[in-house]
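Structure record follows, encoded as structure tokens.
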Amino acid sequence: MARFAGGKAPFLRASDEKDYGTKVMMKDFMIALLPVILFTWYKNGIQVYLDGNIGLLEMFYPLVFILLGGFISVMMEGIFVFVTNKEDRSLKGIMTKLSVSFSAIPGLILALLLPLYTPIWVLIFAAFIATIIGKMIFGGFGHNIFNPALLGYTVVGFTLMGVINNAGGLFNASEAIIDSYAGATPLGALASSGQINYDILVAPYGSLWDFFIGTIPGALGETSALAIMFGGLYLVIRKVIKWYTPVIYVGTVFGLSWIIGALSGDAGLWFPAYSVFSGGVMFAAVFMATEPVTTPTNILGKVFFALFLGVFTVLFRFVGSLPEGVATSLIFLNIFTLPIDKFTAVIRTKRFTKPGGLYFGILTGLLLVLAVYTLVKAGNMYTVYIPYLGWVI
Amino acid sequence: MIFQKIKGVFIDGKKDLCKKSPLKEYLSPKYVYIPLLQRTSNLKAEVKVGDEVKVGQVVATNEQQMNVRVHASVSGKVTAIKKVWHSSGKMVDAIEIENNFQNQLTESIKREENVDSLTREQLIKKMELAGITGLGGAGFPTHIKYKTKAKIDTVIINAVECEPYLTCDYHFITTYPEKLLKGATYMMKAADATKVVIAYKINNKQIREAVQPFLPKFPHVELFPVKNVYPAGWEKFIVEQVTKKTYNGLPAEAGVIVNNSATAITFADAVEMNIPLIARPISITGEGIKKPGSFYVPIGTKVSELVELCGGYVEGLDPLKYNYIAGGPMTGRAIFIDDLVVNDTLGAVIVKPVIEGLHPECLGCGKCADVCPAFLTPTEIKKAFERKDIKLLSDLNANKCVECGLCSYICPSHVEITEAVAKGKDLLRKGAK
């Protein structure tokens, strides 16, 4: 007779296989960032070098900057583990902890969110906020409330944007010498002009095709919808993310923007397309609204999250004073991930009987009220009602 | 709302381990140990130490709870009542019978003369007297199912065996295809139904090939292939596939009774020969077994003897690095000491290595909720359990969990989520009282 090992059913686990598991999913996430990183390197490095505006060494700067973001995050987390974990301070112990913490990903995403000429000390500060405040303080991977990279970016965005702008900011050397940009991103142009007008918003930056490809000014990772779509497609095929989260989010922003454009007198499809491709909507849709830890878990929760996110992005962008709105709405909604998860789980099991129906009513009601409010307010801002009023009178 | 249909997950069956070798009979062990526990009912021993018993003699009963009775599986002398390891993971009392190798049959075991004229009541009575229970793993006394007041139109024979590794039903059916059809027919009569559907896994072509030649004699029987997914053998899944109807409590609501294929074969013997449930098929398999195989053994046989017949464990097996699982790998239990006896619900013993690794925390990917065949949200049930929030547990239907194990299986972070949900289910049951 022999004594055997214990354990709990099931004794078969998909994660026992080499090609399945959280580690593989996170590796896939990094692979999905690759097209974005390569594109931004091409746009801000290679192309500028070919234009003759920077030297050969400077050509590698965007790549180095992004990798540095990942490296700094890993280092910070390693130091945090070293400081807090008194029992095992050996290199091996720290490496084991880091291997299940996936700290490089927030670092890479953070670097992609920042403008090209962000000073390195600002990057280090942002990485500190992201990994230590955003993640490790909450208990590490799986316990964080806020998307770490996004928290780092938002804090820096609200406090140190002036420093970043002074250091060169968004424009790479080729873009900085184009006069027609007038020192603003496409979305900045909307915020400063307050007009929905193709000639002001799109024409200075090329055509909508350039918006799609990504050869417009903007933060490192967010400009190219094409590269982001490649990454997203890879993630969907590898079953790391669900296809509907990005689709619903982008769709909501697109639809609401279209209505706002139409209310202000221009029903052209260029405006919603501009709205989706100009800022960080695409990047957030694929890489941040789908981030598993800080967004709802079940299908219905993901759907509601994406819908709310779309409405809030439009609300903050067109009604609030923020040019972007994407990061703020995501951080804001991260807080509500837990209740959304709970409510939608009840709806899933109880359907429309009590209390599922009640929760469903509350969520959809809230969504509708917010959407209508957004449309009314945004319509006001872009001076819609005045001509109609005149016509009525 | 999202359209809800059970999809199931493809799991590598690993059934080839013991599919090739045929079903072996091992009918005369030196000792058998009849456990005094059937499903949840404790049994009262009807024999004393020193008594001589014959094959098929009633040795233990529980008349209060569902009228369960258990029979001696060999003839010989009762030598002791002692504790043995039971597939429920506990040690239970068992009647030890020393085999006298004379195979004396009790008087009631004789050929039934006019089988075709038996009425529904007589058939159900036979089921009860023969102590037939569900051999698929739940062990629910079969006669209770047939005493339903609902109108039954179909009897479904579950020959799916969706758990990985297990091949005992497969071997039992391919060895006794005609008995399966006969037993199913008697079951149909016992339920006053008009149709029998045998559900089998589509990749088990051998079952179809074995049963097909006898089908002309049984025109009311229909073969129904189901997808090769887990949990395709779940009662509700089969009923939904076959009848396109669903139910909340019992399959009888959809006019259906579901029985395991091994139960049907045993029932055929019970009707024609009056042989009670005294033997069952069992697979001894897993990576830790030298020559895995399936056996037809008397209830109460020591599993260690069967392992010896398989050539023992593989060379240099370190028991602490292996699981000794009673039942299927998805729903079974780890037994610490390899001193198990075969009882009516034990379909397999699997010896399989424990794979260790460092796993990250739950990342909230939601795959567990996606695969749940009962459409629950395991992560939220886990959280509600950790907060001891009984109201939320009931809002989340934690009691609907069937503990199929898919959520833990699919979890990329190796979280013991099935265990947490099962605990939540228990808490809800206790809290609701």
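Letters go in sequence order (proteins before strands), and every chain restarts at 1. Heavy-atom basis, side chains included; hydrogens, waters and symmetry copies ignored.
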Which bit of [X] comes within less than 4.5 Å of chain B, counting heavy atoms only: side chain, backbone, both or neither?
X: A/Lys302; answer: side chain
X: A/Phe141; answer: both
X: A/Ser99; answer: side chain

For chain B, which residues from residues 5-19 of chain A lie under 4.5 Å away (heavy-atom distances)?
A/Ala5, A/Gly6, A/Gly7, A/Lys8, A/Ala9, A/Pro10, A/Phe11, A/Leu12, A/Arg13, A/Ala14, A/Ser15, A/Asp16

To the nearest 0.5 Å, how far apart are [atom1] in [X] and [atom2] in [Y]?
X: A/Asn298; Y: B/Cys368; atom1: CG; atom2: SG; value: 9.5 Å
X: B/Asp395; Y: A/Tyr359; atom1: CG; atom2: OH; value: 5.5 Å
X: B/Lys383; Y: A/Thr297; atom1: NZ; atom2: OG1; value: 5.5 Å
X: A/Ile299; Y: B/Thr377; atom1: CD1; atom2: OG1; value: 9.0 Å
X: B/Leu396; Y: A/Lys350; atom1: CG; atom2: NZ; value: 8.5 Å
X: A/Lys23; Y: B/Leu358; atom1: NZ; atom2: CG; value: 5.5 Å

Take B/Leu392 and A/Lys342, measure what side-chain contact (heavy atoms from CB on, under 4.5 Å) needs, and give me the verdict at the end.
CA-CA 9 Å; B/Leu392 187 57; A/Lys342 181 178 146 183; 4.0 Å; yes

Walk me through it: do A/Phe4 and B/Tyr322 pass the test side-chain contact (heavy atoms from CB on, under 4.5 Å)?
CA-CA 6 Å; A/Phe4 279 83; B/Tyr322 278 78; 4.0 Å; yes

For B/Val351, is it the side chain, the backbone, both or neither that has a heavy atom under 4.5 Å from a heavy atom of chain A?
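For B/Val351, the contact with chain A is made by the side chain alone.
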
Below 4.5 Å from any heavy atom of chain A, which atoms of B/Leu406 appear? Answer side chain, backbone, both or neither.
neither

Quick check on the structure: residues of residues 305-317 of chain B within a heavy-atom distance below 4.5 Å of chain A, by number.
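Within residues 305-317 of chain B, the residues that come under 4.5 Å of chain A (heavy atoms only) are B/Tyr313, B/Leu317.
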
Step by step, work out the side-chain contact (heavy atoms from CB on, under 4.5 Å) result for B/Ile410 and A/Tyr20.
CA-CA 9 Å; B/Ile410 203 77; A/Tyr20 182 82; 3.6 Å; yes

Contact summary for B/Asp370 and A/Lys242, nearest pair of heavy atoms:
OD2-NZ, 2.6 Å

Only pairs of heavy atoms separated by less than 4.5 Å count here; which of B/Ile350, B/Thr379, B/Asn323 has the most with chain A?
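Counting heavy-atom pairs under 4.5 Å, the top option is B/Asn323.
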
A/Arg348 side chain to B/Ala369 backbone, donor-acceptor under 3.5 Å
yes

